[in-house]
Amino acid sequence: MADYSLLNDMQREAVFQTEGPVLCLAGAGSGKTRMLTHRVAYLLEKGVEPYHIMAITFTNKAAGEMKERVEKLVGPGGDSLWITTFHSSCVRILRRFADRIGYENSFSIYDTDDSKSVMKDVCKRLRIDTKILKERTILSAISSAKDSLIGPEEFRSQSQGDFKLSRIAEAYVEYQKALKENNAMDFDDLIMQTVSLFRQDAEVLDHYQKRFRYIMVDEYQDTNTAQFELIRLLAEGSRNLCVVGDDDQSIYKFRGANIRNILDFEKHYPEAKVIRLEQNYRSTQNILDAANAVIANNRGRKEKSLWTKEEAGALVHFRQFDTAPEEAEFIADEIVHKGRKGGDFGDFAVLYRTNAQSRLLEERFVREGIPYKVVGGVNFYSRREIKDILAYLKTISNARDDLQVRRIINVPKRGIGATTIAKIQDYADAYGLGFYQALEDADRIPGLGKAAAKIAGFTNQITVFRTKLTVMKLSELVGDILDDTGYLSEFDNETDEEIDDRIDNIEELRNKIIAFEESNPDGTLADFLNEVALVAEIDEVDESVPRTLLMTIHSAKGLEFTHVYLAGMEDGLFPSDMTVASEDPMELEEERRLAYVGITRAKKELTITCAKARMIRGETHYNAISRFVREIPTGLLDNRVPGAGRIVSKDEDEPYDDPTERFDMFRRSPYGGNYGSGRNGSGASGGFGSGGRPKAVVRKKSTPDEVKPYLAGGGTGSFERLGISKGMPKPSGTAAGSGSTPGAKPDYGIGDRVAHIKYGEGTVTDLEPGPRDYKVTVDFDEYGTKVMYAAFAKLIRLDD
DNA sequence: CTCCTTTGTCTTTTT
DNA sequence: GACAAAGGAG
């Protein structure tokens with residue numbers, strides 16, 4: 001029997017309100033998982049069959065934890081209780097009913113790499129010049145279409161008249177066809193195809209509507225349109241739908257998350273009961289105050305403010321360093337000290353905006369001997385050797401997955417090269433066969449010569465593996481694959497240092513398979529492949545090992561740590577330059593929400609760090625302190641810092657409260673220009689002709705008329721000086737390059753004064769031609785040095 | 001056909 | 001700076 005007295009009034013209300021739609025606005029750390037767990041327990045105690053309950057979470061890890069906690073309250077619920085992610089639920093449904101929408105139930109799931117290979121092929125066939133229209137661009141357009149439930153045909157009819165969109169539409173049609181031929185779905189398909197299954201097949205929909213009578217959705221603010229529709233369809237029968245979320249923590253817009261889903265919930269369900277959880281059980285008051293202050297700068301949010309019974313706690317620590325390596329050093333040093341003083345290394349987490357930032361930190365952590373784990377970055381399952389082995393397994397599992405066949409047909413080397421493959425493809429096309437089917441006909445394909453025998457060897461091997469699978473355990477089969485194909489022995493001849501890593505990875509994969517077999521005695525190969533396709537890196541984190549986690553803030557969503565380090569809090573990095581320069585203020589708001597998520601991960605201590613100089617993509621950037629840090633009231637920050645980290649000459653104990661002093665502190669460091677070593681050398685593009693696109697030529701003249709709109713939109717104080725502009729003498733020679741200069745040349749040169757929409761005024765310190773546009777370095781009066789593309793920067797020259 | 005070198009692109013964030 | 005793709009030599 002679960003104990004509901006441990007819940008607060010609001011939580012209890014949400015738990016007991018089991019009938020009808022419920023919108024639970026749950027701030028960070030307000031115990032929503034506890035609420036959801038108890039809600040499931042309560043339903044079960046009330047006599048609701050586990051079979052009728054569905055709880056959807058964001059990650060497998062969250063699902064696992066919730067399941068565990070429910071079982072702790074009411075005992076094992078068995079497999080009939082669905083606590084899973086969107087993607088896993090859909091796979092489960094599709095594995096049963098995909099044949100009703102024209103797929104085989106053994107369909108493969110394609111990851112981003114797979115999708116890209118397919119798209120590459122599609123572009124080749126459609127003669128799309130991928131220099132102009134990149135596979136990536138097309139894929140992301142398709143992805144967001146799918147997130148909004150727009151199929152290929154609809155996309156096509158919507159894109160008429162727009163050349164670029166029409167091309168994408170064609171690619172979308174072909175891509176989708178190719179996936180179907182391979183009997184494969186990409187990530188977005190999993191949701192979209194499930195929705196279309198429900199829409200097309202009343203019987204299936206009815207089945208699931210009757211089944212899932214109580215539906216709960218966690219992290220509702222990050223659902224996309226397709227997911228919303230999925231849930232809406234399922235809940236239509238019972239209308240017992242409880243969604244839990246926090247609009248302030250919506251950070252997945254780039255992945256199609258539609259914040260309107262949560263903001264408009266009451267419109268869709270007018271009878272919805274709205275419950276707010278505002279008491280925070282995680283952080284100290286100081287940390288909460290900092291978070292509240294930052295998020296308060298966003299408009300268009302549901303007003304709420306978190307409070308806690310906890311005490312104020314320590315001030316938020318803040319340190320600025322000269323360089324990023326020093327920042328990393330500081331963080332590692334501090335964790336070592338605190339950790340050795342009897343702390344648990346598992347109590348620390350270092351969070352950052354971009355994965356690339358992990359490298360410096362990792363180096364430092366290795367040197368200090370801190371037990372750590374970098375979460376994210378390159379996914380385990382996307383490493384080459386792992387993908388190779390999985391390709392074998394997928395080929396065995398799904399006979400139509402030609403993409404995988406092509407991947408492994410010459411891995412390990414069998415002497416089957418590009419020409420042979422082209423001949424096979426021609427044959428397949430001519431006879432309307434799949435690639436693998438054509439392989440089986442190898443002896444009938446003209447002109448293959450000796451290659452035919454090699455191909456026969458390959459197909460025989462696959463056939464043997466398929467047979468073996470019926471009598472062997474999966475783990476044994478993998479062993480055979482590695483031996484029989486010579487995959488492992490091929491490593492023997494190599495002396496590369498990486499070989500050891502790769503062998504380790506393979507070993508780790510085999511361990512994962514064995515673990516899978518132990519926990520799923522009846523699991524099939526397809527089950528294993530599902531699991532593999534849908535794991536996030538965070539799912540794999542084993543918390544029983546005490547180690548410090550390094551990850552992006554995105555990955556940290558839903559987690560909490562006693563000590564949190566927010567690293568790289570610099571304008572240009574977080575918020576990123578792209579966001580700052582964006583026309584759409586919502587993008588900056590999303591970044592701010594991300595900052596909010598980062599801050600609220602901390603339970604006891606929050607340390608914010610940044611560096612004045614940092615290498616990004618091989619170039620040194622000089623960044624000012626993040627505006628999000630500036631939004632934290634001074635009184636909440638400690639700034640006492642001896643030595644290198646000192647950012648303001650102030651007495652030890654006194655936090656600055658003098659606005660002018662504060663302003664000073666955020667002035668940029670006294671660095672000159674950009675000394676990056678970009679290798680954008682010569683040549684590049686013979687033809688920049690690339691027509692149509694707005695290479696957004698820098699304005700030739702800046703008339704007052706053009707300046708005005710910026711003034712209106714911008715709002716940084718310094719803009720008022722735009723009109724007065726001083727202008728400096730122009731250097732006689734313009735920047736670097738000669739000859740092959742693409743793009744229009746800006747009308748400013750080194751030394752000129754210019755104005756930027758967001759950064760205000762500054763001086764051009766460098767200007768060099770890049771492959772497609774001029775790269776201009778500007779030393780802004782207020783924001784420090786920025787390197788940007790001229791077309792993008794839309795700088796306005798301030799004339800004398 | 002394979003290996004090695006050179007060149008180009010990139011990055012926010014991920015199920 | 002890191003990695004994939006393309007190009008060239010054996």
Asks: Describe, in one word, how the ring planes of A:Phe628 and A:Phe574 are oriented to each other, choosing from parallel (under 30°), tilted (30 to 60°) and perpendicular (over 60°).
Replies: perpendicular
Asks: Which dot-bracket notation, 5' to 3', represents the base pairing of DNA chain B when pairs are defined as Watson-Crick or G-U with both distances under 3.5 Å, crossing pairs as [ ], and inter-strand pairs as |?
Replies: ||||||||||.....
Asks: Reckon A:Arg414 touches a base, only the sugar-phosphate, or nothing at all at heavy-atom distances under 4.0 Å?
Replies: nothing
Asks: If the threshold is 4.0 Å, N to carboxylate O, is there a salt bridge linking A:Glu363 and A:Arg367?
Replies: no
Asks: Base, sugar-phosphate, or nothing for A:Asn355, non-hydrogen atoms under 4.0 angstrom?
Replies: sugar-phosphate
Asks: How are the rings of A:Tyr103 and A:Phe107 set to each other: parallel, tilted or perpendicular (split at 30° and 60°)?
Replies: perpendicular
Asks: Looking across every strand, which nucleic acid part, if any, lies under 4.0 Å from A:Thr59 by heavy atom: base, sugar-phosphate, or nothing?
Replies: nothing
Asks: Where the side chain of A:Asp571 meets the backbone of A:Arg627, is there a donor-acceptor pair that is under 3.5 Å apart?
Replies: yes
Asks: Roughly how far apart are A:Lys557 NZ and A:Tyr252 OH, rounded to 0.5 Å?
Replies: 6.0 Å
Asks: Considering all heavy atoms of both residues, which atom of A:Lys61 and which atom of A:Asp539 are nearest to each other, and what is their separation?
Replies: N-OD1, 2.9 Å
Asks: Just the table, please: protein N/O against nucleotides 7-10 of chain C N/O, every pair under 3.5 Å.
Replies:
none

Asks: So, A:Asp388 and A:Arg384, do they make that salt bridge, N to O below 4.0 Å?
Replies: no
Asks: Just to verify, what does A:Lys423 make a side-chain contact (heavy atoms from CB on, under 4.5 Å) with, not counting sequence neighbours?
Replies: A:Leu448
Asks: Which is true for A:Phe86 with a 4.0 Å heavy-atom rule: it touches a base, it touches only sugar-phosphate, or it touches nothing?
Replies: nothing
Asks: Classify the nucleic acid contact of A:Ala536 as base, sugar-phosphate or nothing, counting any heavy atom under 4.0 Å across all strands shown.
Replies: sugar-phosphate
Asks: What is the distance, rounded to the nearest whole Å, between atom NZ of A:Lys124 and atom P of C:dA5?
Replies: 11 Å
Asks: With a non-hydrogen cut-off below 4.0 angstrom, is A:Thr85 in contact with a base, only sugar-phosphate, or nothing?
Replies: nothing
